[in-house]
Amino acid sequence: MQPAEPMMRAMVFHAGRHHLEPETRPLPAPGPHDLRVKVLACGVCRTDLHIVDSDLKLAGAQVVPGHEVIGTVERIGEAVRGYRVGARVGVPWLGGTCGHCERCRSGHENLCEQAVFTGHTRDGGYATHLLVEGDFAVPLPDSVDPVHTAPLMCAGLIGWRALRAAGDAQVVGLYGFGASAHLVAQIAIAQGRRVLAMTRPGDTSRQDFARSLGVAWAGGTDAVPPQALDAAIIFAPDGALVPLALARVRPGGVVVCAGIHMSDIPSFPYATLWGERTLRSVANLTREDAKTFFEFVATHPLKVEVTRYPLASANEALDALRDGRLRGAGVLVP
């Protein structure tokens with residue numbers, strides 16, 4: 001009698017549906033360049049919600065979402081170097097690039113047209129196991145807490161990239177105060193910047209949360225901040241916030257759109273943009289972002305607010321995110 005084939009559990013999104021379905025699958029065998037990772041925790045990101053709500057189209061008929069993964073290396077492909085079984089790693093959104101196009105060679109691998117993305121074009125971390133290309137895994141100390149580190153793999157990394165896109169701005173406004181903003185606020189304050197937080201009008205709970213993390217002012221998006229902004233970072237996927245934020249930044253300021261998806265931006269007068277204001281987006285991330293971000297976090301620990309969910313409750317976690325009921329980040333724990 002042959003031994004039973006090793007199996008894994010996953011929550012799977014099928015195109016055309018609006019929820020995840022539990023499945024049991026054989027454990028994937030890593031290719032020469034892959035690591036098989038046992039998932040310890042996976043953050044619930046708004047990008048996952050955009051996938052389930054069909055704001056982002058799939059390349060295939062189904063996918064396992066999840067790209068804020070902390071796990072341990074379980075098997076190593078024959079061509080992978082620098083890892084050991086049992087090592088702690090993070091698995092981010094960027095899952096691989098071609099490595100030889102102009103964008104890859106110029107330090108903009110986040111814009112590679114052949115890039116693959118964890119939890120979107122390849123299966124992600126809403127599962128007990130996943131595969132990751134060894135060159136795109138993030139080595140981490142074995143001592144890191146998986147649950148509180150998982151949101152750093154995207155909410156932290158994209159926020160870090162967005163803050164860098166804001167340049168040397170000293171007064172930074174954050175529009176939307178969820179998983180990413182609650183981390184970026186702490187980073188900006190640690191860098192000596194003044195942070196103002198804008199939430200949905202009337203959301204006093206989130207405003208109180210922002211103040212508890214040290215922001216200088218918190219109010220609704222319908223309120224006028226107490227001073228002009230040098231930069232604004234928009235995390236909420238609401239295009240109507242773009243002209244509003246542009247009107248709040250001083251001449252020469254910048255508005256950074258940090259999400260992968262946003263509702264349509266309404267038309268606005270040219271005068272709102274005039275004065276050498278800049279409007280830009282942030283797309284994906286690079287391995288250099290991960291390197292510099294985790295170097296910063298090593299000396300500036302962040303308070304990561306999380307709500308834990310079992311893997312089987314992934315739909316409930318996404319519902320909480322969709323309805324604005326999550327404070328900080330949701331994290332799935334297999």
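Heavy atoms only: backbone and side chains are in, while hydrogens, waters and symmetry mates are out. Being a predicted model, the structure only gives us computed values, none of them experimental.
No side-chain heavy atom of Leu285 sits less than 4.5 Å from a side-chain heavy atom of Asn110.
For residues 232-254, every residue pair satisfying the side chain to side chain donor-acceptor pair (under 3.5 Å) rule, not counting sequence neighbours, is listed here: Asp230-Arg250. For residues 173-190, no pair satisfies salt bridge (Lys or Arg N to Asp or Glu O under 4.0 Å), with sequence neighbours left out. Listed by first and then second residue, the side chain to side chain donor-acceptor pair (under 3.5 Å) pairs involving residues 313-334 are Asp53-Arg322, Glu305-Arg327, Asp319-Arg322, Asp323-Arg325 (not counting sequence neighbours). Here salt bridge (Lys or Arg N to Asp or Glu O under 4.0 Å) pairs that include residues 98-110, with residues two or more places apart or in two chains, are Arg103-Glu113, Glu109-Arg287. For residues 79-90, every residue pair satisfying the salt bridge (Lys or Arg N to Asp or Glu O under 4.0 Å) rule, not counting sequence neighbours, is listed here: Arg84-Asp142. A salt bridge (Lys or Arg N to Asp or Glu O under 4.0 Å) check over residues 64-78, counting only residues at least two apart or in different chains, returns the pairs Arg36-Glu74. Listed by first then second residue, pairs satisfying side chain to side chain donor-acceptor pair (under 3.5 Å) with a partner in residues 257-282 number zero, not counting sequence neighbours.
Qualifying side chain to side chain donor-acceptor pair (under 3.5 Å) partners for Gln227, counting only residues two or more places apart in sequence or in other chains: Arg194. Under the rule for a salt bridge (Lys or Arg N to Asp or Glu O under 4.0 Å), the partners of Arg161 that lie at least two apart in sequence or sit in another chain are Asp289. Partners of His129 under the ring-ring contact (aromatic ring centres under 6.0 Å, His included) rule, at least two apart in sequence or in another chain, do not exist in this structure. By the ring-ring contact (aromatic ring centres under 6.0 Å, His included) test, His108 is found to be paired with no residue, residues two or more places apart in sequence or in another chain being considered. By the ring-ring contact (aromatic ring centres under 6.0 Å, His included) test, His33 is found to be paired with no residue, residues two or more places apart in sequence or in another chain being considered.
Of the charged side-chain nitrogens involved, none lies within less than 4.0 Å of a carboxylate oxygen, so that Asp203 and Arg200 do not count as a salt-bridged pair.
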Criterion side chain to side chain contact (heavy atoms under 4.5 Å, CB included) on Arg164 and Thr292, from CA distance to verdict: CA-CA 11 Å; Arg164 293 176 72 183; Thr292 57; 3.3 Å; yes

Val333/Tyr309 under side chain to side chain contact (heavy atoms under 4.5 Å, CB included): CA gap, chis, key distance, verdict: CA-CA 6 Å; Val333 183; Tyr309 294 87; over 6 Å; no

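Relative orientation of the Phe296 and Trp160 rings is tilted, given thresholds of 30° and 60° on the angle between their planes.
Within 6.0 Å of CG on Asp222 lie more than 12 heavy atoms contributed by other residues, nucleotides or ligands.
Note that CG of Leu140 and CE of Met153 are 6.0 Å apart. Values are rounded to the nearest 0.5 Å. For the atom pair Glu23 CD and Arg9 CZ, the distance stands at 13.0 Å (nearest 0.5 Å).
Two different hydrophobic clusters hold Met198 and Val282 under the rule that ILVMFWY side chains link at heavy-atom gaps under 4.5 Å.
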